[in-house]
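One-based numbering along the sequence shown. As a basis for the values below, the full set of heavy atoms in this structure was taken, side chains included, without hydrogen atoms, waters or symmetry mates.
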Amino acid sequence: MNAFDRDLGKSDGLAVLHYGDGEYAVLSPGRFVLCAVTNAKIPLEALRYWSPEHQEAYASAAEALKRWRQG
């Protein structure tokens, strides 16, 4: 399942994803994930930044950089 599958948004809540290199897999459908730094809701269609290493999503490049600097 990916962001273009029709069944992706059947649930209106929090999605559970597995983050890979360049793509993610939806483990549990939902409309959004939470930013690991700010706890902001990120709609799946707007998700652009994540870490396969930490299995975390980020709201923007600034949050991804902040997390990367933390190690």
Side-chain angles (χ1 to χ4, degrees):
M1 184 179 287
N2 64 38
F4 301 105
D5 287 336
R6 286 196 298 239
D7 293 336
L8 182 61
K10 294 282 183 180
S11 169
D12 288 333
L14 181 66
V16 178
L17 307 181
H18 179 270
Y19 302 100
D21 293 327
E23 64 181 23
Y24 55 82
V26 178
L27 303 177
S28 179
R31 293 269 182 206
F32 63 89
V33 292
L34 297 176
C35 176
V37 176
T38 65
N39 212 33
K41 290 182 180 179
I42 309 166
L44 291 189
E45 60 271 9
L47 180 59
R48 302 288 182 268
Y49 303 96
W50 63 81
S51 169
E53 179 183 353
H54 298 289
Q55 289 297 298
E56 297 175 335
Y58 309 110
S60 72
E63 285 84 2
L65 178 61
K66 182 175 182 177
R67 176 65 172 108
W68 179 79
R69 287 181 174 162
Q70 291 173 350

- prompt: Donor-acceptor pair, W50 side chain versus G20 backbone, under 3.5 Å?
  reply: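 Looks like yes, one N/O pair under 3.5 Å.
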- prompt: Hey, quick one: are Y49 and I42 part of the same hydrophobic cluster, counting side-chain heavy atoms closer than 4.5 Å, chains of contacts allowed?
  reply: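 No, no single cluster joins them.
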Calculate, to the nearest 0.5 Å, the distance between atoms [atom1] and [atom2] belonging to [X] and [Y] respectively.
X: K41; Y: R31; atom1: NZ; atom2: CZ; answer: 12.5 Å
X: Y19; Y: H54; atom1: OH; atom2: NE2; answer: 13.5 Å
X: Y24; Y: L47; atom1: OH; atom2: CG; answer: 5.5 Å
X: L65; Y: Q70; atom1: CG; atom2: CD; answer: 10.0 Å

Closest non-hydrogen atom pair, [X] against [Y]:
X: E63; Y: C35; answer: CG-SG, 3.9 Å
X: V37; Y: R67; answer: CG2-CB, 4.0 Å
X: A15; Y: V33; answer: O-CG1, 3.7 Å
X: Y58; Y: A36; answer: CE2-CB, 4.0 Å

CD (E23) with more than 12 external heavy atoms under 6.0 Å: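 No.
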query: Would you say the side chain of F32 lies within less than 4.5 Å of the side chain of L14, judging by non-hydrogen atoms?
result: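 Of all side-chain heavy-atom pairs linking F32 with L14, at least one is under 4.5 Å.
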